[in-house]
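Read through the structure below, which is laid out as structure tokens, and then see the notes.
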Amino acid sequence: MTDSLQFLVRRNLQAKSDSERAAILANPGFGDHFTDHMVDICWSEQGGWHRPRVQPYGPIELDPAASVLHYGQEIFEGLKVYRHADGSLHTFRPDANGRRLQASAARMALPELPVAHFLQSIKELVAVDGDWVPSAPETSLYIRPFMFAKEAFLGVRPAKKVAYYVIASPAGAYFHGGVAPVSIWLSEHFSRAGKGGTGAAKTGGNYAASLIAQNEAYAQGCQQVLFLDSVEGKYIEELGGMNVVLVYKDGTLVTPLSDSILPGITRDSVLRLAEDRGLTVERRPVTIEEWRTGYENGDIVEAFACGTAAVITPIGQLKAQDFTIGDINAPAGELTMSLREELTDIQYGRRPDVHGWMTRLDA
């Protein structure tokens with residue numbers, strides 16, 4: 001298999017004008033608008049990966065019997081493109097996203113896209129739609145690669161025909177008015193994933209399973225929901241779409257470890273930066289009781305969530321049926337915000353990238 005694909009580029013004749021695009025980039029929101037083009041690559045059992053294209057963004061035609069519509073065989077990724085001060089375009093650790101997509105594919109019985117093809121698909125799209133990368137502070141172009149079973153059949157088996165797409169959406173600052181602590185609801189009746197299940201894969205079913213608990217969180221006045229393990233119901237797992245990190249008073253950072261937690265690239269990066277500072281990092285099972293008692297006796301002084309979209313989100317309060325810890329009006333933790341600043345400075349090119357995490361896309 002070659003390291004590169006020969007892409008056919010078909011330009012969108014209805015592409016947004018410069019003025020229309022500028023109006024969108026002035027207030028892009030998050031996931032509300034999409035660029036003019038998308039990547040489309042096919043896979044079949046006999047032909048492998050073939051027919052790579054950059055084509056106009058638009059609806060995808062599916063047979064009503066397409067396997068994904070009946071059995072949910074699909075995966076996706078999320079990463080960002082940043083415009084640096086000199087106008088150059090960069091993305092953050094795309095090789096890690098490519099490897100995670102492969103791991104998700106293996107779990108969901110989908111073909112593994114070579115990481116080289118994954119990286120090329122992003123570069124090919126940005127080469128056409130690079131003008132969609134905003135330049136305002138804390139903005140970016142959100143990239144969404146996804147793969148699904150498109151073979152038309154109703155038998156329960158892995159599909160023999162698969163589609164891989166990449167779409168992009170300009171993203172504004174995730175927090176309007178600045179980063180502020182959020183309130184988290186503890187779900188004690190619903191599980192996001194089970195032992196031996198798909199929790200460590202980035203697949204839509206995990207997110208669908210979280211939505212009923214997310215509605216419960218909204219009803220309790222909380223912005224996010226925290227899940228526990230499905231076996232004993234006492235170990236912290238993750239939020240609906242972000243990992244969790246606890247900070248102890250001695251500077252130790254602790255994050256839950258489980259085979260049903262998505263291995264977060266942002267979390268891994270934040271913890272690497274903490275280790276660079278000489279701080280201790282522990283990846284291990286963490287009970288909800290440890291968080292509760294640690295907060296009450298002063299051992300745990302900060303908590304935050306992390307993920308691609310918001311980078312780092314301070315957790316101000318955790319609410320449950322029979323207890324509440326934290327103060328939503330308290331300021332965000334000092335270490336939390338310091339790590340967030342360091343990571344975003346690397347992503348936007350404001351400080352040296354000593355780990356080689358950034359990949360230039362327009363070179």
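Keep in mind that the numbers below use all heavy atoms, side chains included, and drop hydrogens, waters and symmetry copies.
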Return the [atom1] to [atom2] distance between [X] and [Y], rounded to the nearest 0.5 Å.
{"X": "Leu253", "Y": "Leu335", "atom1": "CG", "atom2": "CG", "result": "5.5 Å"}
{"X": "Glu238", "Y": "Leu228", "atom1": "CD", "atom2": "CG", "result": "12.0 Å"}
{"X": "Trp132", "Y": "Ser169", "atom1": "CH2", "atom2": "OG", "result": "9.0 Å"}
{"X": "Arg267", "Y": "Ile261", "atom1": "CZ", "atom2": "CD1", "result": "6.0 Å"}
{"X": "Met147", "Y": "Ser104", "atom1": "CE", "atom2": "OG", "result": "9.0 Å"}
{"X": "Ile265", "Y": "Asn97", "atom1": "CD1", "atom2": "CG", "result": "3.5 Å"}

For the pair [X] and [Y], find out whether any cationic side-chain nitrogen is under 4.0 Å from an anionic carboxylate oxygen.
{"X": "Glu290", "Y": "Arg284", "result": "yes"}
{"X": "Glu342", "Y": "Arg277", "result": "yes"}
{"X": "Arg93", "Y": "Asp268", "result": "yes"}
{"X": "Asp362", "Y": "Lys123", "result": "no"}
{"X": "Arg350", "Y": "Glu138", "result": "yes"}
{"X": "Glu151", "Y": "Arg157", "result": "yes"}
{"X": "Glu112", "Y": "Arg100", "result": "no"}

Assess the residue pair Val225 and Glu216 against the criterion (side chain to side chain contact (heavy atoms under 4.5 Å, CB included)); give the C-alpha distance rounded to whole Å, side-chain angles, the decisive distance to 0.1 Å, and a yes or no. CA-CA 8 Å; Val225 60; Glu216 189 179 64; 5.8 Å; no
Tell me the closest heavy-atom pair linking [X] and [Y], and the distance in Å.
{"X": "Leu262", "Y": "Arg192", "answer": "CB-NH2, 4.1 Å"}
{"X": "Phe118", "Y": "Pro94", "answer": "CE2-O, 3.3 Å"}
{"X": "Gly241", "Y": "Tyr207", "answer": "CA-CE2, 4.1 Å"}
{"X": "Cys42", "Y": "Lys150", "answer": "SG-NZ, 3.4 Å"}
{"X": "Leu125", "Y": "Ile167", "answer": "CD2-C, 4.2 Å"}
{"X": "Gly298", "Y": "Lys249", "answer": "O-CD, 3.6 Å"}

Between the side chain of [X] and the main-chain N/O of [Y], is any donor-acceptor distance below 3.5 Å?
{"X": "Thr344", "Y": "Arg340", "result": "yes"}
{"X": "Ser260", "Y": "Ala193", "result": "no"}
{"X": "Gln73", "Y": "Met108", "result": "yes"}
{"X": "Arg107", "Y": "Ala200", "result": "no"}
{"X": "Thr293", "Y": "Glu289", "result": "yes"}
{"X": "Thr252", "Y": "Tyr248", "result": "no"}
{"X": "Ser140", "Y": "Tyr142", "result": "no"}
{"X": "Asp229", "Y": "Tyr235", "result": "yes"}
{"X": "Thr203", "Y": "Ile75", "result": "no"}
{"X": "Asp353", "Y": "Met358", "result": "yes"}

Take a 6.0 Å sphere around [atom1] of [X] and say whether it holds more than 12 heavy atoms from other residues, nucleotides or ligands.
{"X": "Glu334", "atom1": "CD", "result": "no"}
{"X": "Lys16", "atom1": "NZ", "result": "no"}
{"X": "Ile212", "atom1": "CD1", "result": "no"}
{"X": "Glu232", "atom1": "CD", "result": "yes"}

Angle class for the [X]/[Y] ring planes (parallel below 30°, perpendicular above 60°, tilted otherwise)?
{"X": "Tyr348", "Y": "Tyr82", "result": "perpendicular"}
{"X": "Trp49", "Y": "Tyr164", "result": "perpendicular"}
{"X": "Tyr71", "Y": "Phe153", "result": "tilted"}

Run the side chain to side chain contact (heavy atoms under 4.5 Å, CB included) check on Thr336 and Val179 step by step: do they pass? CA-CA 11 Å; Thr336 296; Val179 182; over 6 Å; no
Is there a side chain to side chain contact (heavy atoms under 4.5 Å, CB included) between Thr255 and Glu282? Walk through the geometry before answering. CA-CA 6 Å; Thr255 192; Glu282 298 179 3; over 6 Å; no
Full working for side chain to side chain contact (heavy atoms under 4.5 Å, CB included) between Leu239 and Phe227: CA-CA 6 Å; Leu239 305 186; Phe227 291 96; over 6 Å; no
Walk me through whether His355 and Asp276 qualify under side-chain hydrogen bond (donor to acceptor under 3.5 Å, both in side chains). CA-CA 10 Å; His355 291 289; Asp276 290 347; 2.6 Å; yes
Just do the side-chain hydrogen bond (donor to acceptor under 3.5 Å, both in side chains) check on His37 and Asn12 with the steps written out, would you? CA-CA 7 Å; His37 299 84; Asn12 189 343; 5.3 Å; no
Any luck finding a side-chain donor-acceptor pair between [X] and [Y] under 3.5 Å?
{"X": "Asn206", "Y": "Thr198", "result": "yes"}
{"X": "Ser17", "Y": "Glu20", "result": "yes"}
{"X": "Gln223", "Y": "Ser183", "result": "no"}
{"X": "Gln224", "Y": "Trp185", "result": "no"}

Tell me whether [Y] is reachable from [X] by hopping between hydrophobic residues (I, L, V, M, F, W, Y) whose side-chain heavy atoms are closer than 4.5 Å.
{"X": "Val354", "Y": "Trp357", "result": "no"}
{"X": "Met38", "Y": "Leu101", "result": "no"}
{"X": "Ile236", "Y": "Phe190", "result": "no"}

Do Gln120 and Ser4 pass the side-chain hydrogen bond (donor to acceptor under 3.5 Å, both in side chains) test, and can you show the C-alpha distance, the side-chain angles, and the key distance before you say yes or no? CA-CA 7 Å; Gln120 187 184 2; Ser4 63; 5.0 Å; no
Could you walk me through whether His189 and Ser187 pass side-chain hydrogen bond (donor to acceptor under 3.5 Å, both in side chains), step by step? CA-CA 6 Å; His189 305 295; Ser187 177; over 6 Å; no
So which of Ile325, Ile328, Asp327, Ile184 actually passes side chain to side chain contact (heavy atoms under 4.5 Å, CB included) with Gln317? Ile328
Kindly confirm or rule out a cation-pi arrangement of Arg292 over Phe323, judged by NZ or CZ under 6.0 Å from the six-membered ring centre and within 45° of its axis?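 Arg292 over Phe323 ring: yes.
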Using side-chain heavy atoms (C-beta onward) and a distance below 4.5 Å, is Val244 in contact with Leu226?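 Heavy-atom side-chain distance check passes, below 4.5 Å.
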